[in-house]
K.L.:
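Sharing a structure, written as structure tokens. Questions coming.
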Protein chains: 2
Amino acid sequence: MDASVVEVPAVVARRGRPGYDQRQILAVAVDLFNEQGYDATSVAAIAEKLRLAKSALYHHFNSKEEILRLALDEALIGLESTLRDSLAADVSGGERLTLVLRGAVTVLVERLPYVTLLLRVRGNSDVERAALERRRAFDHELIGIVRAAQVEGSIRGDIDAGVASRLLFGMVNSIVEWYRPTGKQGLNDLVEQVITVALQGLRVAPGSPPASRE
Amino acid sequence: MDASVVEVPAVVARRGRPGYDQRQILAVAVDLFNEQGYDATSVAAIAEKLRLAKSALYHHFNSKEEILRLALDEALIGLESTLRDSLAADVSGGERLTLVLRGAVTVLVERLPYVTLLLRVRGNSDVERAALERRRAFDHELIGIVRAAQVEGSIRGDIDAGVASRLLFGMVNSIVEWYRPTGKQGLNDLVEQVITVALQGLRVAPGSPPASRE
DNA sequence: GTCTATAAAGAGATAGAC
DNA sequence: GTCTATCTCTTTATAGAC
């Protein structure tokens, strides 16, 4: 369990003046950013959803962009942390790839709104460019892990490591487009299905039972 | 070869007053939309890139949103067309899945900027919601194709068809994030690599030679 | 087909009271 | 910690001349 993951209360603004803290406002703002896009979301819209005046938000944040910066940091810290753990593990290259796949899916689901936002950043400001730079460094490390698994012979080596890595983690990242949280069991099922499709493909496994009808 | 695919001239505004047509303006606008996001791109920025006055754009389009509508249509027509062809083909379920994978990658690359834009639409206006609705219908058909291949036994059936389809085409769609056109050979290579990773996975193929070092 | 000028609305952000 | 009121800038879009 990670204490830094936000749990947004189902009803956040029940009473007249809830007195929000920064994390609650952040969670509401990020939800709006993900629904409409960062640029299409006005500070007025965030305030309205919170039932606050616009100016009240500027008590918690210096600017709209600072909200974005904190949100992106939430995603990047999670991803960088799971990458560090995977690199530190004393395992084979193939096992390290599985570790980092598992870790990426887990962080993505546990910090879904923040990672969703990160994956949509385009580089329109210093804040966005800084986040993109950290993401590029992360993606670069992933390619190294894929290449090591290839050299070791754990995964096929006839596909360029950069292409393989981008396809694999493109698949992983696409999860933000459709996955909605269900609980711990749902997360575990998802992780296993992603690993299966990513590393074994959809081809019928040799010696596996025939496809079951639904 | 598809005559409806835009070929943007490398230098589009060399002379003082080029006298643009709608397609040239569309191509430039879509490039900006993809660089910065639709909402973050002002009509003034499009005009500036074209070295035109803002008002000149309104001679070609009734509104900024109409530019978006035409661009999204370009992507959707291509995708819907390849889907129709795949459904009409007299082949097995497994072959149909390969066909539609190939077709989707091809359209995605041939109409890269338009499909890129489509994949980023959030539903902020009637135009965006209409495009999302067509995309949902397309995605729904894909799930049917995946399920048919499962029932037939061509691909593994122990993974939910919806999840499998979303992961597969999430991988395909992620290509817009990194692929840059190289030529016909590059396109063919990409298609084959995607099919390989998508349907066979990265596991070392049984009986395949060991990974080659680079 | 393009221009200059401008209208009307909405954006992010601040001042100062409570 | 929140409010009302306001500033300044930018936005989409239009009017009308060339």
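Treat the numbers as computed from the prediction; the structure is a model and nothing was measured. Residue numbers begin at 1 in each chain, while the letters A, B, ... track the order of the sequences.
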K.L.:
When you compare the side chain of B:Leu87 with that of B:Ile145, does any pair of heavy atoms fall below 4.5 Å?
P.N.:
yes
K.L.:
Between C:dG10 atom P and A:Gln36 atom CD, what is the distance in whole Å?
P.N.:
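Computing the A:Gln36:CD to C:dG10:P distance gives 15 Å.
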K.L.:
Could you state the CD-P distance from A:Glu48 to C:dA11, rounded to the nearest angstrom?
P.N.:
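Going from A:Glu48 (CD) to C:dA11 (P), I get 10 Å.
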K.L.:
Would you mind reading off the distance between B:Ile67 atom CD1 and D:dT12 atom C1', rounded to a whole angstrom?
P.N.:
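Taking atom C1' of D:dT12 as the reference, CD1 of B:Ile67 is at 11 Å.
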K.L.:
Looking at B:Pro113, is its backbone amide N or carbonyl O close enough to the side chain of B:Asn34 to form a donor-acceptor pair, meaning the two atoms are under 3.5 Å apart?
P.N.:
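Side chain of B:Asn34 to backbone of B:Pro113: a pair is present.
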K.L.:
Counting only heavy atoms not in B:Glu177, do more than 12 fall under 6.0 Å of its CD?
P.N.:
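Yes, CD of B:Glu177 has more than 12 neighbouring heavy atoms, counting only those of other groups under 6.0 Å.
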K.L.:
Nearest whole Å is fine: how far is D:dT2 P from A:Asp21 CG?
P.N.:
10 Å
K.L.:
Which of the following nucleotides, D:dT11, C:dC3, D:dA13, is nearest to the side chain of B:Ser42?
P.N.:
D:dT11
K.L.:
Can you identify which nucleotide, out of C:dT2, D:dT4, C:dA13, has its nearest atom closest to the B:Tyr20 side chain?
P.N.:
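From the listed options, C:dT2 comes nearest.
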K.L.:
Would you mind reporting whether A:Leu119 and A:Val115 have side-chain heavy atoms less than 4.5 Å apart?
P.N.:
yes
K.L.:
Can you figure out which of D:dT2, D:dT12, D:dC3 approaches the side chain of A:Ser55 most closely?
P.N.:
D:dC3
K.L.:
So, is A:His59 near the phosphate of D:dT2, with a side-chain N or O under 4.0 Å from OP1 or OP2?
P.N.:
no
K.L.:
C:dG12 C1' sits how many Å from A:Asn124 CG, rounded?
P.N.:
16 Å
K.L.:
Which of these nucleotides, C:dA13, D:dA13, D:dT2, is closest to any side-chain atom of A:His60?
P.N.:
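Selected nucleotide: D:dT2.
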K.L.:
Can you tell me if the side-chain N/O atoms of A:Tyr58 get under 4.0 Å from OP1 or OP2 in C:dA13?
P.N.:
yes
K.L.:
Using whole Å, report how far CZ of B:Arg51 lies from P of C:dT2.
P.N.:
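Going from CZ in B:Arg51 over to P in C:dT2 covers 14 Å.
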K.L.:
When the distance from CG of A:Leu52 to P of D:dC3 is rounded to whole Å, what number comes out?
P.N.:
5 Å
